[in-house]
A.B. asks: 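First the structure, which I've put down as structure tokens, then a few questions once you've had a look.
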Amino acid sequence: MSTLVIDKAGPTRKLGSMSRDRIWALRWSYFFLVLFAIFFLTPPVYMLITSLKSSAEISAATNPWWVFHPTLSNYVELLTSNQFLRFFWNSSIISIVVVIVTMLISIPAAFALARMKFWGSATLATGVFLTYLIPDSLLFIPLFKMLAVIQDFTGITLLNRWYVLVFIYPTLTVPFCTWIMIGYFASIPKELDEAAIIDGASWLQTLLRIFIPVALPGLIAATIFAFTVSWAQFLYPLVFTTSIDQLVLPVGITTTLIKGDVFNWGQIMTGALLGAAPPLVIYAFLMDYYIAGLTAGATKG
């Protein structure tokens with residue numbers, strides 16, 4: 001006669017094993033999180049430390065990770081400099097206008113490609129995104145030639161004017177923002193626009209009254225991206241603007257604070273930190289919306 005043996009310790013061993021696995025997984029998570037934080041926070045920390053040093057202390061080549069005589073002179077000099085304030089103003093105006101232009105183009109384009117199905121819409125949507133993948137270093141040459149021809153033909157001064165960047169930056173922001181909004185609009189249930197059309201709403205009314213309020217996280221994500229690209233762009237303003245009063249912040253810092261082989265590291269680091277402040281503040285308050293907008297197209301319905 002066989003005897004049934006029940007291992008009462010089995011479930012306990014399994015629970016203990018699962019608990020140990022979770023503990024080790026948590027430890028490894030914290031380990032890689034610490035490595036991530038160290039790797040990405042080291043540059044801004046070093047920038048902050050250097051910005052609090054005088055030129056004499058920086059030249060003394062003492063401990064680069066410690067401030068022996070902290071000073072705010074670099075911040076005072078930049079924030080009271082008309083040149084730096086002009087760079088900041090140019091970057092602000094250009095970024096705001098580019099965001100507005102990008103949204104006015106991207107939202108209707110994304111809505112048409114995502115909801116108003118027509119022949120070739122999927123191919124066109126993919127082509128819109130692929131244009132974003134073309135490097136800036138290849139685009140600025142034909143763009144410069146086109147603007148030079150337009151300037152010669154119309155007599156309107158375009159080159160070496162800050163407002164020319166308002167027409168150029170959307171070539172970078174519109175394709176990607178349109179792609180983001182396509183994914184978000186496609187994730188919205190079709191019953192919403194079908195019900196609106198049955199009630200007599202036009203496509204424009206459906207977009208303005210239904211889709212834009214529902215797609216607010218996607219709109220915020222696209223807006224943040226457009227602002228960040230416009231604010232941090234370096235190559236285009238370096239090529240298309242040369243006069244001091246026409247420069248934006250990234251180019252202005254490098255061209256005015258680096259004179260020959262003399263690098264004013266204190267003010268360079270200070271300018272970089274001040275320039276990074278607006279995007280940092282925006283991301284700090286709107287990060288959840290940005291992540292929601294980027295991941296909206298992962299699932300539909």
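Just so it is clear, the model here is predicted, and its values are computed rather than measured.
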A.B. asks: Starting from L104 and following side-chain heavy-atom contacts under 4.5 Å between hydrophobic residues (I, L, V, M, F, W, Y), which residues can be reached?
C.D. replies: I96, I100
A.B. asks: Is it true that atom CZ of F140 has more than 12 heavy atoms of other residues, nucleotides or ligands lying nearer than 6.0 Å?
C.D. replies: yes
A.B. asks: Centroid separation under 6.0 Å, is that true for the rings of F225 and W179?
C.D. replies: no
A.B. asks: T102 and T173: side-chain donor and acceptor closer than 3.5 Å?
C.D. replies: yes
A.B. asks: Quick check: F185 with F211 (ring centres under 6.0 Å apart)?
C.D. replies: yes
A.B. asks: Indicate yes or no for a side-chain donor-acceptor contact from Q267 to the backbone of L78 under 3.5 Å, with no hydrogens or angles considered.
C.D. replies: no
A.B. asks: Check the pair T242, N160 against side-chain hydrogen bond (donor to acceptor under 3.5 Å, both in side chains), reporting the backbone distance first and the verdict last.
C.D. replies: CA-CA 6 Å; T242 55; N160 194 26; 3.1 Å; yes
A.B. asks: Taking the six-membered ring for Trp, are F32 and F36 ring centroids under 6.0 Å apart?
C.D. replies: no
A.B. asks: Could you label the plane-to-plane angle of the Y236 and F240 rings as parallel, tilted or perpendicular, counting under 30° as parallel and over 60° as perpendicular?
C.D. replies: perpendicular
A.B. asks: Is there a donor-acceptor contact under 3.5 Å from the side chain of N74 to the main chain of S51?
C.D. replies: yes
A.B. asks: Aromatic contact between W28 and F31, with the criterion being ring centroids under 6.0 Å apart: yes or no?
C.D. replies: yes
A.B. asks: When clusters are formed by joining ILVMFWY residues with side-chain heavy atoms under 4.5 Å apart, either directly or through shared neighbours, do F68 and W265 land in the same one?
C.D. replies: no
